[in-house]
Every structure is written in C-alpha cells, then in structure tokens.
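Below is one structure; the comments refer to it alone.
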Amino acid sequence: MSYTEIQTPKNPSTKDTTSVPQVLTPQSSQIGLMRPDHSKNVVIDWLTTVDHKKIGLMYGAIALFFLLVGGVEALIIRTQLAIPENDLISAQRYNQLFTMHGTTMIFLAIMPLNAAFFNFLVPLQIGARDVAFPRVNSFSLWAFVAGALVINFGWILQALQVMGLFQASGPTAGMNDFVPAMGWFGYAPITGINFTGAGTDFWIMGLQILGIASLSAAMNFVVTIINMRAPGMKMMRMPVFTWMTLVVSLLIVFAFPAITVALGQLMFDRCFGTNFFVVAGGGQPILWQHLFWIFGHPEVYILVLPAMGIVSEVLPVFSKKPLFGYAIVVFSGAVIGFLGFAVWSHHMFTTGLGKVATAAFSLLTMAIAVPTGVKIFNWIGTLWGGRVRFSAPMIFSIGFVWMFMMGGFSGIMHSSAPADAQQQDSYFVIAHFHYVAIGGIFLAVVAGIYFWLPKMIGKMWKGNLSTWVAIFSTAGLNITFFPMHFLGLLGMPRRTHTYLAGFGWESYNLICTIGAYILAFGILLLVVDIVRCFRYGEPAGDDPWDARTLEWATTSPPKVYNFAKTPIIPARDALWEDKYGPKNRKITYEDDHAHGIHMPSQSWMPLIASLGFIPLGLGMSLMQAGVPFMGYFAIFGLVMLSIGVALWALEGPGGYHLNAKENVA
Amino acid sequence: MHTAEASHEDSHDNLVIDNKKLLMWVFLGSDCMFFGTLISTHLIYRKLYPESFEPTALFSLELTSFSTFILLMSSFLMALAVSAMHKGELRSFRNNIIGVVFFGLIFLGCQVYEFAHFVHEDLTLSTNTFGSTFYMMTGTHGVHVAIGVFWLVCMYFYSHTGKMDAHESAVDVEVAGLYWHFVDIVWIVIFTVVYLIEFI
Amino acid sequence: MKSISVRLLRIFPTIIIGVLTAFFSGCSLDTRMSTFVPKGPIAETQLDLFMLTVWVTGFIFIAVGGVYTYAIIKFREKPNDNRPLPTQGHGNPLIEIGLIGASIFLLVVIAVPTLQGIWFTHDTPDDPESRMGSWYKGDGLSDEEADNPLIIKVKGYRWWWAFEYPQLGITTANEMVIPAGKVVHLELRSVDVIHSFWLPKIAGKVDLIPGRTNSMWIQAGDNYLNWKEKHGHKADDESLRSEYSSYLEEEIYDYYYGQCAEYCGDSHARMLFRANVVNDDDFTTWVADEKNGHKAPSNMNWDEWYAAYDENPNQLSGDLHEGLKIFMGRGQCASCHQVAGNPRALGVAGPNLTNVGSRMSIAAGWLNHRSDTNNVDLEKQYVNFFKWIKETDVVKPGNLMWRANGGGIGELTDENGELALLTDDEIHKLSLYLQSLK
C-alpha cells in the first residue's frame, strides 16, 4: 500500500563495476507473504514476473503458437476444399475448424501478438520503467492463457467422444459437438440450446475470460500512456505506435462491454431459460448481431491499428525521414477508431435494416475510407525524398502497404450496400478480410518482429532468410486469396464444407489450396528464422537500424529497469534528434535518486487469480454437458479467483531497489 | 482493495491524476457502455412488445423510491467518508463507511424483497422478455452494489489494522467513492427509464 | 542482401501478373451462379455498382500504386551511399488537404449511385405489367390478388426451402417456378436459424431471420417497357414484341441456381435451391398441375385406393402401389410430407412432394438429375432417390428425415420394436413411386 515497508539500504553500493544491476534490498510483503523476486528457478521467475518485457515476450510466444494452431486448422479447411465433394473431414468437423480458425486467429493470435508489442514497447517508447499496474499486467497475460485453454478444451472432449469415451448427458444431450461450431460471430439462434452443444458453452466462457483479460490490459495501457510518460514526452511527441496503442486500448475499453453483455445474455439463455435470443419466447436474434458488431467492428480496428502503428514506425527509420504528417496520421488513427463505432451495421446489409439505415451505414462506411487513405498517402509521403533501405522490416512494411491497399479496396466495394448484397457471406468477403488480416496485420506484425526482435533479445538476425519469408508469404497470400474474389463473385458461399462440381469453382479452389500451402511454408520459414535468431544471432547493439524512437536509446535487450536514469525528452523522434539534431535537442537524464531505482516485486497472486478462471470456465461449460460435480468445480475456480484477488490486495505492491550502472552516455 | 498499485514513484511528471483514480475512471467509462447495453436491450424489447410489458401492476413505486432515496443518501455519506479520510479523521471515516454499508444493505434488501415478490407474482427470468431484461439489468446493478458493500466492509476492517497511511489510503477511499457514486448514478438512470417511465 | 531484395521487388509483380493471367485465361466468368452475368434488373444494378467500385478503386490503385512504386525505386539507397541525410520534412498540409479532398470526391462518385441503388432495390415497384391480373391466365384470383405482383413466401428450414404461393394456394419445395420479366415479391421467414436467400444471377442476398419477416423483390429479365427503353426502341409494333419474346427465349428462360448463404449448421453447404424461369403460359400450366396434384397409382381415385388399402393392402399390387403403401405405412413418409391430392399425406415438417418427379434435383439441390436438354434424366433420378432414401444421413448430415425424435427413417422399427431400416427392395419401390409423382 505504501512504500514505508521497504527497507532502504543504509549504504547503497554506488561502486558496482558491472552493468548488471545489483539487488540491494530484500523484498517484503505487507502480510508476510513470500514474494518470488529474483528466483533462481527460471520457471518461477517467468510465471510470477511483473516485468512488462517478459510478459510481452510470453504474449508473443503464446500468440505464435496459436498462430500455428490456427494455421493448421486453415490448412485442413483448404485441403478439404481442394476438390469438389471431398470427404476428407465431416461437415461437423469442418464447421468446428472454421469456427476455431476464426476465433483462434482473432482472439488468440493477432490480439495477443499486438499485446506482445504493446507490452514490450510502450513503456520503452514513453520512457517509463514499467506499465502503471505491473501485477494487473501479469493477470491479463494469465487470464488470456486461461481463456485460450477453456476455448480450446473442447478438442480434447471431441477426441474422447470420437473414441467413444465421452457422451453428453445434460441439457445438450444428443448434440455431440464439444468444439464451437457456429462461426466466430456466433449468430443467434444457432448458438441456442436447441442447435448446438457444449462447444458453444466453451466458446462463451472462453470469450468472456479473454474479454476480461483484454479489458484489464487495455485499462492498464490507457493509464500507462497517460500517466507514465517521461518528462518532456508530450502527447504529440509520442511515437505513433504508442498513439495507436492508446487508441486501441480505448476501443477495447468501450467496445468490449457490448460483447460481454451479449455473451452474458446468451449464457443466461442457455443456462437459465431467459428469452434474449430465443424466438419462441419473443427474443430477437437480430439483437445479437447488433450487439456483436457494435463490439465486432471496433474489434477490426483493434486488430489493424497496431499494425498501422508498426508500419508508421518502420517506414521512417528505413527512409531516414520523419513520418510524413505525424499529426494527421495520429489524428486519422483516432478518427478511424471513433468512426469504427458508427459503422457496425455494414456487416448486416442483408438483414433487412430498411433503406434509410442501409444508406446511412453505407455512407459512414465510405467515410472511414478517407482517414485510412490518408494514412497510405502519408506513408508514401514518408518514403518520398528519403533514402529507402530494403532491410527485412522494410520489405514487409512495403508489402503491407500494397496488400493493405488491396484489402481496403475490396472494403470500399463492400461499402456500396447493393453491391455488398452479392458479396456478403461469399468468398469475396473471405478474400477481403484475409487481405486485411494477413496482407495487412500479419505482414506488419512480421515487420515488427524483424524490427524489434533484436531489441527484445539483443541478437541480430542471421542471413537473409527474411527475403524468402517475404516471397513465400506474399506469394502464398496472393495465390490463396486473390482467386477467392472470383470465387465469391461466381457464387460460392462461405462456410460450406463442400461444393458440387460444375459451378466453375473447381480450379479456383485448387489454386487457393496450393496457395495456402505456399503461405504455410512462408510462415514455417519465419519460425525457423526466429529460432535461428535466438540460437545463432550475433549481439545486436543498442541501435542496429539507426532508428529514431526512445526504445533504441537503451540497451538491447533492455535491463529490467529499462532506463538507468529517467530520460527527459526534448522532441519527437527523440533518439534521432539526439543523434543528428541540434545540441538543444539531445536527450538529457534526470539525476539519480539516492536510493536507486524502485522496482515492483514479483507476485504469485495474479497467476493464481487468473488460473481460477480455468475451473470456473470449464466447470460452467461442462455443467451443461451433464458432467457430474462440475458445479463444484466451477465454485472451486471462483474461490481460487477470490483468494488470489484477496491476497493480491493484501500483499501490497512490495518492491525493491536497484542500483544500476549507467547504461547511457 | 489494493488491486491497483503504483509501480514506482519516479517519473510522475506527467501525472495529473493518480494512477488508481485514472484506472477507476477508465473502468467506469467501460462500465457505462456495459450498463448502456443492458438498459438499451431492456428498452428495445419494451418498445417491441409493449403488451408483454405491464409492470405497473407489479412495480411498487413507493418501495423503489424509498430504496432510491436510501442509495442517494449512501452516496452522501460516501462523500463525507472521502472527505474525512482526506482530513485524516479515521474515526469519522469509519462512522460514515458504516453508514454507507448499512444503506447499501438496505438497498439490497429492498431488491431481494422486490425480486421475491415478482417471482411470487409469476414473473421469472423465463416468463417473457421483460422478465429476462429486467432481472438481468437490475440484478447486474445489484451485484455492483454488493461488490461495493463488500469492498467498503474490507476497507472498514482494514482501517483497524493501522496500516492505512494518509496519502495512499485517501486515494484508495476516493477510488471506492468514485465507484459507489457511479453505481448510484446508474441506479438513478434505471429508476427513471425502467420504473418511472412506466407510470407516465 | 540488398541487391537480392531489389531484384525481387522487380520480379514480384511479374510473377503475380503471370499467375493472374493464367487465371483469367483458364476460368470462365459465365458460370451457374456467376454475378457477372446478371439476368434481371436487381442483379444488373448490383453488378453496375460493383463495376463502378472496381473502376474507381482500380484508378486509385494505379495512381497511388504508381506513385508508391516510383517512390520506392527512385528513393532507394544506392550502394555506398554517402549523400547527406534526407531533409527531415514533417509533412505538407496542402498536399494532405488536396488528397483528402480528392478521396472524398471519388467516394461521392460511388456514393450517389449507391444511394440510388439502395432505393431501387429496396421497395417492390408497382409495375402494371407485373400485376397478377395482367398476365396470369388461371382463375380464382380475388381483385386484390390480381392487383398485386406474384407473392412467394420463402421459408427456410434446416436444410431445405419451402416456397408458398399464397395467391395461388400452392406450395413447393427447393425448386421455385417464376414467370420471366415479371416483378415477384418475396417474403422471407425462417423456422429455425438464420438462412440467406441468394440467387446470384437474379438478385443478391436477403437473410431469413427467425422472428421477423424480411422482404425483397426479384425479376428475371426486363419487362417489355424497360427492355424497349434499354434498346432505344420508340415504336411499338409486332416485330418488336417478337424480338422481346426471342430475348426472353434466348437469355432469360432458364434453370437458375441459388444457395443458402448464411451458415446454418451441419449441412449448410447442402442447402441449395433452384429457380425455374418460364413463360406465362408454362407458369399457368405448372400452377394447374400443382393444384390438381396426383391420383393414386393405376389412375385410381383416392377414396377407392384407400378403401382397398384399409380393407386389405395386399390386394394392391405392382411396384407403384407397393411404393405408395410404404410411403403411407412403414416408411411413415406421409407424417412429414404432403402430396397434393392424397388426402392422408398432409405432413408439414418436410418438403411438399407434389410433382417431385418433375423436379430436376432433390435433397435441396444437392442431388441433381437434369439432363443436357433441360429434362429429367430418369436413370439418374432413380439413383438419386435411392441414394437419398438409403443414406439420408450421409447425403445431408444431421437432417431431420434421418432422425426425427423417434420418427425418422433412420429409426424405423418392426412390429417387435427392433430397429429395421427400409430394405433395398422397399427403397426401390418407394423410389419408383416418387418418380411417378409428376
């Protein structure tokens, strides 16, 4: 609660000769609980860490794992569709795969990949020592892991069911689907108890837990960015990536409640017989669509704005020029976020909104193309007159702009509601959002990985495998998804597990499948390259790319305290100005505190609290499938959660002091 | 009560508002959307099925007005508690907190009575959409009040441990106060658009 | 590394263009469900708007992409580049405002026709030529019905379609029949989950959402006046009429393919439908056929047949009689299916089977037996019926006919309550009977 408990050392050693920070004080806790600081056990150290950098790396690793899981799901889907009337997998399995592919990619791959960058970079970019609430940050990570496990748990039950070892017997008896199979937007009433089984319950509980994780992380970042900036780091001096993090965090804060309520209502429908989406009881399934997309459309920008932020960081560095129209790029990002709340019904043009609503949403959707276009113009303006270096991050960023433009164009095509009536729910839409998701977000994230991994682990990339990653992923992406535009326009609806020959879809589908394997190979190469970088990378140095922003001013990898002394920021692009700018724009540093750097203590409590979500989520889902004693299991989870939170509150922030050797000139 | 924490005291130069307080404000912004969604669901179904919404026979305006008044008064006491904490008057703080908790419990008691009464009159979660939206919305609000009461009770006991320190604890109490006022305001909205509107 | 990258940047577009060319040359755009070949004013409006967006975005792509490519190549770093640092310019408000203005202008170019399109496609127009009274040759229409266009109530089931013609008092399933050149008003409902009605050549989608009724209008081919206007004809003479007829003959009368476009569960992929677009006379004949329904086999009338059936079923012999007996008895088909004429086949849970033998597909468009000459291929039809009845659960996983809470054909039992599915011989007879329903 206060820092009075911390025993400040009497004689802080100021003469340590290594750059390794020395621990000077023992950690303590208000109620005498053990704080796992400086554990020699690596596992304990990582499980209980509150260091934003370690948390960021864990987000990244888990997200990459789920990216591969979602990718394998996609490959099975594409293999099934390679030829007409294929019977590689059953209809039910296919439906589960496409549902889990979407859910996994959005909630378990892209969002946490973005979160990985938020966590690692934002405190570094604003010159903070950590996020505002380090233990909340740890809680967000582990709650995300819990949600991911709950949502994927059904695969185990489904495997048991296939082997004949498990049958549902509760209210959903007779429905032997334990993996969600209703599409990632789960339109009511197919999520109702009459149509789907325990898979839907896992989906509801998993998403609810993931929502809590995202909300707590987002609130943390809003506070961090507003409150924790180093002196002189005015809002309009912040790197664009930090700006986009702020916008995205606010989007999460305001958009997630809608889905939380919708999922709650759905859960009540399934468990307690309410009538929110049950037609027989007067419910309106269309309400789900509104609630979902009020969340879902901002979600699209939650996914894509960080990618824009990454590219806005990479392009200036490799053009040796500041971002063209910084203020306008920031402002357009905010406008996109704001307008994102006003266009949700463009996902519903075919639901009979009425012509006035259709027209309004059509126009608003077109309007959102303007700030998006502005960003593209400014990126090109950044290149213009610069000196373009084709290093790996730059290649992916350049590819991003191309592919994102393609995705944006098909987006404009959707905005014309009558044209959308033909495209909606067809493969055209699949093509559109995969251009945005893979061509846009994924390429930008890869650019980010190539750009920042040397900072994160202090090792430089070896060789030029990145070029091959770029070739295979971009070629694979185009070969897979470009033909899908045609497939959609030739009438192939999405989410069909098979199709008849004779509709002119065969060759397109075959090409798509081949492309998917090429793309998969590209991603495999990326994984290989990352592993190579970890194993064989040479020391990267603090600033390997001749970069511009503050995170490059500290060591690679950054020390646990980020900056030995708090920097005072004189200008935007702080490091660049420090290197090449006039004298009055050099970064200066605050004086040392006598007691050294104050660091937060590690803690078990966020981990315990968030792992309580696993029994809670599984228990509540399995109750529906008629598994005995699951109610108690859920209560056990709730108790675990409560105890974790209570002890968390009681143990207090703790903390210890470090005395760092200077790591900056 | 200390789920929020400050990581370090160093770079606070941009600090206009305390971290914990800002976190609570952001949370309340989110919660606004949360209740906004619940209340809109209720209003949408009310408009769609005016015939299934005949709560005037069920609602007791006297009881609800009373509980609304009680909740308002609790907010007043909460403000006094925050002020006392700022002045470092621990005894006055405790007295006011007990008052808030007491009023909060009365409010919850009224709600429990109301729910029991409605169920007795055959309005359950599954009766119709009115039942679904009404119980879920007011129930969620009730849970918010209950969490607030629990939080304040914890704070009361914590004040006896002697570990409260003037600055940090004042912020904690203020944060709890923000939450309590918000829950109060939400109730006033619910009281207006769910109860009063039926009698117009 | 750099030089490789630059070289790659150069060959990349070539690869992509190569792949695309291979595509365009290999794949025809004139396919069964192509939106590129519109056969009615709605699909035409939708295609026109789509093409407009393609041209506008194509223009932007070339303009922006051109500048972008130029910038990448022109401003690339040269080997041993020792030039001073580029000017650290922070942007130019005039350029920004200009580009924002340009993009808004281009969006307005799309927005105006979009608004027109929304209004045009939304409300069913009152077209005098499309009023039932002015073209429908049958009788029994009330005045009000005669003043309206043809109305079809489309109902979505998992996983098939019911098409009710309320003005004509008939119901069919999975294959709708509509007159060419006439406005048809559709009312869309669903009985279970959300479906979506998509007939790409004639109109884009509208969803069938349980708990509400959506509506849309469709028109296969232009009516006479619009056609005349479109082709710039002023005069009105017989030769023009016959030219219009041959336009309908050549371009519009056809068998159109449609499909459910909203995910609706296990067999979503197998929820297709057809629209048979015919001339007014054929439509009238078809309606009469549907209304009349069927007689019992051997041209017996139903009272006679049921009298015999109730007395002693064995006295009715021959494949068709046997098939009908299974239909009414052991197969329990009649508890879910209706056949016009048959007074005891009144089920409503499954598709109406009146004239099912004339349909060119069964199982909601999944099993097809349309010959090249637009007729029923009888051999294939028999195979399809047989397959459908024998392995309903394979053809359409999860469907109600296989397991209907104790009544499906996957749960048929003998007298002792033992599971006893239909034998191949029974299925053979049933298939023959169903084939005879035409």
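Letters A, B, ... mirror the listed sequences (proteins, then strands); counts begin at 1. Computed from a predicted structure; not experimentally measured. Quick note: numbers below take in every heavy atom, side chains included, and nothing from hydrogens, waters or symmetry partners.
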So what's closer than 4.5 Å to chain A heavy atoms on [X]: side chain, backbone, both or neither?
X: C/V54; answer: both
X: C/D266; answer: both
X: C/I60; answer: both
X: C/A43; answer: both
X: C/Y257; answer: side chain

Do [X] and [Y] pair up side chain to side chain, a donor and an acceptor below 3.5 Å, judged on atom types alone?
X: A/W576; Y: C/Q88; result: yes
X: A/D425; Y: C/Y263; result: no
X: A/T350; Y: C/D207; result: yes

(request) Evaluate the ring planes of C/Y70 and A/W384, with Trp represented by its six-membered ring, and classify them as parallel (under 30°), tilted (30 to 60°) or perpendicular (over 60°). (result)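 Ring orientation, 0 to 90° scale: tilted.
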
(message) Under 6.0 Å between ring centres: does that hold for A/W379 and C/Y68?
(response) no

Where on [X] is there a heavy atom nearer than 4.5 Å to chain C: the side chain, the backbone, both, or neither?
X: A/F185; answer: side chain
X: A/Y499; answer: backbone
X: A/I376; answer: side chain
X: A/R548; answer: side chain
X: A/M406; answer: side chain
X: A/F98; answer: side chain
X: A/S319; answer: backbone
X: A/V279; answer: side chain
X: A/Y326; answer: backbone
X: A/L489; answer: both

Straight-line distance of [X] [atom1] to [Y] [atom2], nearest 0.5 Å:
X: C/L208; Y: A/T351; atom1: CG; atom2: OG1; value: 12.0 Å
X: C/I72; Y: A/I398; atom1: CD1; atom2: CD1; value: 4.5 Å
X: A/W402; Y: C/T69; atom1: CH2; atom2: OG1; value: 3.5 Å

Looking at [X] and [Y], would you say the former's side chain and the latter's main chain have a donor-acceptor pair under 3.5 Å?
X: A/R495; Y: C/G265; result: no
X: A/R387; Y: C/R83; result: yes
X: C/K205; Y: A/Q422; result: yes
X: A/R494; Y: C/E262; result: no

(message) Go through it in stages, so that I can follow the logic: the residues are C/T31 and A/F503, the test is side chain to side chain contact (heavy atoms under 4.5 Å, CB included), and I'd like the CA-CA distance, side-chain angles, deciding distance and then a yes or no.
(response) CA-CA 6 Å; C/T31 58; A/F503 284 70; 5.8 Å; no

(request) Provide the full list of side-chain hydrogen bond (donor to acceptor under 3.5 Å, both in side chains) pairs with a residue in residues 95-122 of chain C, sequence neighbours left out, each pair given once. (result)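 Non-adjacent pairs meeting side-chain hydrogen bond (donor to acceptor under 3.5 Å, both in side chains): A/N378-C/E96, A/S416-C/T114.
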
(message) Would you say that C/V193 contacts A/Y187 through its side chain, given a criterion of any heavy-atom pair below 4.5 Å between the two side chains?
(response)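 Of all side-chain heavy-atom pairs linking A/Y187 with C/V193, none is under 4.5 Å.
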
(request) Might you work through the side chain to side chain contact (heavy atoms under 4.5 Å, CB included) test for C/V64 and A/M405, ending with a clear yes or no? (result) CA-CA 9 Å; C/V64 178; A/M405 254 203 295; 3.8 Å; yes

